[in-house]
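Everything on this sheet refers to the single structure shown next.
We count ligands from 1, going down the list as the structure has it; atoms in each ligand are counted the same way.
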Amino acid sequence: MASTDPGDAPRTLVCYGSSEGQTRKIATRMASVLESAGHRVRLVDAAERPIDLDVGAYDGVLVGASIHAGRHQTAVREFVRAHTGVLNRVPSGFVSVSLTAAHEDPAERAPAEELLEGFLEETGWNPDATLTVAGALKYSQYGRFKRFLMRRIAGKAGGDTDTSRDYEYTDWEDVDAFAREFATLLESAAGSTG
Ligand SMILES: Cc1cc2nc3c(=O)[nH]c(=O)nc-3n(C[C@H](O)[C@H](O)[C@H](O)COP(=O)(O)O)c2cc1C
């Protein structure tokens, strides 16, 4: 039977980078799925670099980042590089958010997988679980230049170009399933070591 002592619950760190808020929303959602599974979760914005953060104190780590101009956030890359040893030791997962992942055609989605793989190669991290997930087009939050740029990019890709509204492409069922699977992975890892 599962333990009812909250002190025994797995401690999970969810660290994310987010430029316009969608990855924050995804990270928050994964944190709440993990909490529903009984985990003690700390949600951290990589850009804030909290000085008291002891990554080694967690039983598992989930990292989220989004792609801008072909790169994931520098703060997330620095976080992963600084903690590669811990991340390769405990159960860990990486979620990469982009518009490329919104394509239905797997061939058009492939660059999102390649950027995820490139990030892992660059950092030397071997997570147990990875997910590429579609983000959002938040025209209302972009300045004039960014709105123009994103409208052009979306137009070329056959996407949404009405800049009077925002679009969210995230598959929340996929996000929930990934977080639930990660919770199970962590629980079985904890069970096999203690
Ligand atoms: C300036 C800009 C550049 C972007 N560049 C890319 C890109 O190169 N490839 C891609 O797939 N998505 C790209 N996107 C889409 C973002 O990854 C997507 O909007 C995502 O939801 C952003 O997540 P965030 O709000 O957590 O930063 C770009 C978005 C912006 C605003």
Side-chain angles (χ1 to χ4, degrees), residues 12-34 41-50 61-81 92-123 125 127 129-179 182:
T12 310
L13 177 65
V14 180
C15 179
Y16 67 88
S18 187
S19 305
E20 288 95 29
Q22 192 64 13
T23 311
R24 180 178 305 116
K25 193 170 169 184
I26 291 167
T28 304
R29 174 82 164 230
M30 293 193 298
S32 78
V33 170
L34 289 164
V41 184
R42 177 150 180 206
L43 185 65
V44 167
D45 182 341
E48 285 170 14
R49 297 181 175 84
V61 184
L62 269 183
V63 175
S66 61
I67 296 173
H68 287 76
R71 300 280 284 167
H72 293 91
Q73 278 86 6
T74 302
V76 177
R77 194 162 35 255
E78 286 175 355
F79 170 84
V80 171
R81 279 204 180 118
S92 64
F94 181 45
V95 175
S96 171
V97 180
S98 66
L99 279 184
T100 308
H103 285 287
E104 286 192 8
D105 178 354
E108 290 190 81
R109 272 202 315 270
E113 299 286 346
E114 285 159 20
L115 287 173
L116 184 152
E117 288 301 329
F119 178 88
L120 300 181
E121 256 172 53
E122 219 183 306
T123 55
W125 177 26
T130 61
L131 178 73
T132 55
V133 64
L137 261 179
K138 298 191 175 174
Y139 287 120
S140 68
Q141 289 184 29
Y142 304 151
R144 202 186 297 171
F145 175 69
K146 221 191 245 189
R147 189 157 52 238
F148 171 78
L149 180 76
M150 294 311 290
R151 187 179 187 279
R152 278 201 67 188
I153 292 172
K156 278 191 190 163
D160 295 301
T161 53
D162 175 1
T163 58
S164 68
R165 51 159 293 198
D166 293 344
Y167 299 88
E168 184 176 80
Y169 306 106
T170 308
D171 181 337
W172 293 107
E173 277 181 28
D174 226 19
V175 171
D176 289 352
F178 181 82
F182 187 72

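Ligand 1 lies out of reach of Y169, whose nearest heavy atom is not under 4.0 Å from it. No heavy atom of L137 sits closer than 4.0 Å to any atom of ligand 1.
With ligand atoms numbered from 1 in the order given, ligand 1 contributes 22 (C), 24 (P), 25 (O), 27 (O), 31 (C) to contacts under 4.0 Å with heavy atoms of E20. Near G70, meaning under 4.0 Å from any of its heavy atoms, are these atoms of ligand 1: 7 (C), 8 (O). For ligand 1 and S19, the ligand atoms under 4.0 Å from any heavy atom of the residue are 24 (P), 26 (O), 27 (O). With ligand atoms numbered from 1 in the order given, ligand 1 contributes 17 (O), 21 (O) to contacts under 4.0 Å with heavy atoms of V97. Interface of T23 with ligand 1, defined as ligand atoms under 4.0 Å from a residue heavy atom, comprises 23 (O), 24 (P), 26 (O).
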Could you go step by step and tell me if D160 and Y169 meet the side chain to side chain donor-acceptor pair (under 3.5 Å) rule?
CA-CA 11 Å; D160 295 301; Y169 306 106; 2.7 Å; yes
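For ligand 1, the polar-atom distance check finds no N/O of G135 at less than 3.5 Å from any of the ligand's N/O atoms. Geometrically, ligand 1 and K146 share no nitrogen or oxygen pair separated by less than 3.5 Å. Note: an N/O pair closer than 3.5 Å links T100 and ligand 1 by distance alone. Between S18 and ligand 1, at least one N/O pair is under 3.5 Å apart.
In terms of protein heavy atoms, atom 15 (C) of ligand 1 is closest to L99 CG, 3.5 Å. When only non-hydrogen protein atoms are considered, atom 18 (C) of ligand 1 lies nearest to A136 O, 3.5 Å. Counting protein heavy atoms only, atom 16 (C) of ligand 1 is closest to I67 O, 3.4 Å.
Of the options S66, G64, A101, G21, the smallest heavy-atom separation from atom 22 (C) of ligand 1 is shown by S66. Looking at R109, H72, M150 and measuring to atom 29 (C) of ligand 1, the nearest heavy atom belongs to M150.
Under the ring pair (Phe, Tyr, Trp, His ring centres under 6.0 Å) criterion, F178 pairs with no residue at all, not counting sequence neighbours. Among residues two or more places apart in sequence or in another chain, the side chain to side chain donor-acceptor pair (under 3.5 Å) test is passed with R71 by E122.
Classified by interplanar angle (parallel below 30°, tilted 30° to 60°, perpendicular above 60°), the ring pair F119/F94 is parallel.
Of the possible polar contacts, one joining the R109 side chain to the E104 backbone as a donor-acceptor pair under 3.5 Å is found. No side-chain donor-acceptor contact under 3.5 Å links T12 to the backbone of V61.
The two residues Y142 and E20 make their nearest non-hydrogen contact at CE2-CG, 3.8 Å. Closest approach of I67 and S96 over heavy atoms only: CD1-OG, 3.7 Å. Among all heavy-atom pairs drawn from A134 and T170, the shortest one is O-OG1, 2.7 Å. Looking at every heavy atom in both residues, E168 comes nearest to K25 through OE2-NZ, 2.6 Å.
Contacts between A69 and ligand 1, counted as non-hydrogen atom pairs separated by less than 4.0 Å, involve the backbone only.
Residues S66 and Q22 have side chains that never bring a donor and an acceptor to within less than 3.5 angstrom of each other.
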